[in-house]
There are 2 protein chains.
Amino acid sequence: MIFLNFVIISYSSINSCIIRSDKKMPIFHNNQSCLNCQHKSEIFSCLTQGELGLIDQNRFEVSFKAGEIMFKQGTPSPHYICMTSGLAKIYIEGYGKNLLLGIVKPHDYILGPGIYVDNRHYFSAAALTDSTACLVDVNSYKKLIRENTEFAEEFMTRVSKQAISNFEQIISLTQKQMPGRIADALIYLSEIVYESNPFEMTISRQDLADLSGMSKESAIRILKDFKEENLIRIEGNRVDILNPAALHNISQVG
Amino acid sequence: MIFLNFVIISYSSINSCIIRSDKKMPIFHNNQSCLNCQHKSEIFSCLTQGELGLIDQNRFEVSFKAGEIMFKQGTPSPHYICMTSGLAKIYIEGYGKNLLLGIVKPHDYILGPGIYVDNRHYFSAAALTDSTACLVDVNSYKKLIRENTEFAEEFMTRVSKQAISNFEQIISLTQKQMPGRIADALIYLSEIVYESNPFEMTISRQDLADLSGMSKESAIRILKDFKEENLIRIEGNRVDILNPAALHNISQVG
DNA sequence: AAAATAGATTGATAAAAATCAATTAACAGT
DNA sequence: ACTGTTAATTGATTTTTATCAATCTATTTT
């Protein structure tokens, strides 16, 4: 019981930290090293060249096809994951259904509380689109946290910011009615995940429902209601938020 | 959006870290220092005498009457709180109603994600019974995290363990039906908070409802059902779990 | 002891949301 | 183009849960 979580989906991160050329592994689209990576998260600017090299030497890149499971709740977690392309969902497998915790994209990395407890995953991840990601040894990350105070402090700050937005999510799921929760999900997708409006929704209706803590039929009905109220327009997977102010209002009212 | 939280209610902590004698403040029942405190949380065993002294010099003790608010969501948070006697509830003030995140007792301390972000509280705390607590300067804690690697690592571990149990709470609230959630709450109260069976429930029905994410009427009805099924016995505030196995089963089934 | 107050309980009802069943649409493979 | 498969949609219905109103109980105040 009790509440209040931890780490996990960073707002941004090492990115383009692509492939280390290794003859035995398939070669991907880019094989630069972390050292000259152009899209590093600010948190990594705390690191020396040597420290970045440590990360670089303990990573490898994999690709996932849409729908593939990246890791599964309960399994050992020797790596954290930096998304380099595509989207993935993070979800808890609960009683019969899933709770979608969030969606990660390039610039995000995935790190769970298990790394400081028993090195197991406490949630699952699956690719939503064809994706590539760097898998980095967790111990090298923990080593940096131990040895670089600035890095550790920045990490704590990111974890904390995450925690604060999580509170909002908990309140949304437990205290808002379905329209409010769907409004929150649409705002999240538009403003945080796809960063555009209109946007192409690459998640299924079931995923949207899992993100909002309801059945997929209910999620579809709320979307329909919003459509009829001219709050949004939907054509296939293209979602256009016509009235963002009203949507934010629905989010507030619950 | 997204999820997954942070810090906050530690499983155990500095305790009996009672009053520093200060003529200008009311004197409480004990004025030993942290240095010879008999009930320190294991995490503080990482600290040197000097480090403990730092905590000792930056704390003071207050008492709260039952029902009094200890701090309020949104206000600045210059201290973290070590409970030294009594019980307190931690809750988020949501849309019209509260979500009770957990109950703290002596050996617990309260620390929120705000300390690494904007030094504000993201939840409120109120005394459930007459209580005493040490308020300790947050910066001295953060300083220790920065300077003592072992302490920092232990802190991360505690935060992570907390996070893991939080996942269970999120799943309970979002995926279980009312009987499952009340079962979880009763198990939490018996096994974690009061550590006894039967136990004297010092929280109100409204608090129980807030802890389980439902209306107080619904909480009462589920208790009645459990009583009629001979799972529990209730006399006033005394709760006796007659069939813990069945209660755990209800928790599992949802 | 009587009155006042707040909390607990109960029943009746309404609202919210899930489930079930069926249909339609989209799409991959042949 | 046809077939099979999966996802999306819709309507009908049931289940779950909240709300409302009233009563009861315990406790405190006078």
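No hydrogens, no waters, no symmetry mates; every other heavy atom, side chains included, goes into these values. So that the names make sense, note that chain A is the first sequence line, chain B the second, and so on, each numbered from 1.
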Peer 1: Within the structure, does a side-chain N or O atom of A:Ser215 lie under 4.0 Å from either OP1 or OP2 of C:dA17?
Peer 2: no
Peer 1: Are A:Val104 and A:Ile90 side-chain neighbours, meaning at least one heavy-atom pair lies under 4.5 Å?
Peer 2: yes
Peer 1: Please state whether the phosphate of D:dG11, meaning OP1 or OP2, lies under 4.0 angstrom from any side-chain nitrogen or oxygen of A:Arg221.
Peer 2: no
Peer 1: To the nearest 0.5 Å, what is the distance between CE on B:Met70 and CE on B:Met83?
Peer 2: 4.5 Å
Peer 1: Counting only side-chain nitrogens and oxygens, does B:Lys227 get under 4.0 Å of the OP1 or OP2 atom of C:dA8?
Peer 2: no
Peer 1: Report yes if the side chains of A:Leu223 and A:Lys227 come closer than 4.5 Å at any heavy-atom pair, otherwise no.
Peer 2: no
Peer 1: Would you check if B:Gln206 and B:Asp210 make a side-chain contact, meaning some heavy-atom pair closer than 4.5 Å?
Peer 2: yes
Peer 1: Look at the side chain of A:Ser218 and decide which nucleotide, out of D:dA18, C:dA18, D:dG11, has an atom nearest to it.
Peer 2: C:dA18
Peer 1: Are there any protein N/O atoms within less than 3.5 Å of an N/O atom in nucleotides 4-8 of chain D, and if so, which ones and at what distance?
Peer 2:
unit_1	atom_1	unit_2	atom_2	d
D:dA8	OP1	A:Arg205	N	3.4
D:dA8	OP2	A:Arg205	N	3.4

Peer 1: I need the CD-P distance between B:Glu217 and D:dT16, as an integer number of Å.
Peer 2: 19 Å
Peer 1: May I have the distance from A:Leu208 (atom CG) to D:dT9 (atom P), rounded to whole angstrom?
Peer 2: 10 Å
Peer 1: To the nearest Å, how far apart are A:Met178 CE and D:dA18 C1'?
Peer 2: 14 Å
Peer 1: NZ of B:Lys176 versus C1' of C:dA17: gap in Å, rounded?
Peer 2: 20 Å
Peer 1: Quickly work out the A:Leu173 CG to D:dT17 P distance and round it to whole Å.
Peer 2: 16 Å
Peer 1: Centroid-to-centroid, B:His79 to B:Phe71, below 6.0 Å?
Peer 2: no
Peer 1: Would you say the side chain of B:Asn243 lies within less than 4.5 Å of the side chain of B:Leu247, judging by non-hydrogen atoms?
Peer 2: no
Peer 1: Could you check whether the rings of B:Phe167 and A:Phe123 sit parallel, tilted or perpendicular, using 30° and 60° as the cut-offs?
Peer 2: perpendicular
Peer 1: Once you round it to whole Å, what is the distance between P of C:dT10 and CG of B:Asp225?
Peer 2: 10 Å
Peer 1: If I take atom CD in residue B:Gln177 and atom C1' in nucleotide D:dT17, what distance separates them, rounded to the nearest angstrom?
Peer 2: 10 Å
Peer 1: Rounded to whole Å, please give me the gap between CG in B:Leu223 and P in C:dA8.
Peer 2: 11 Å
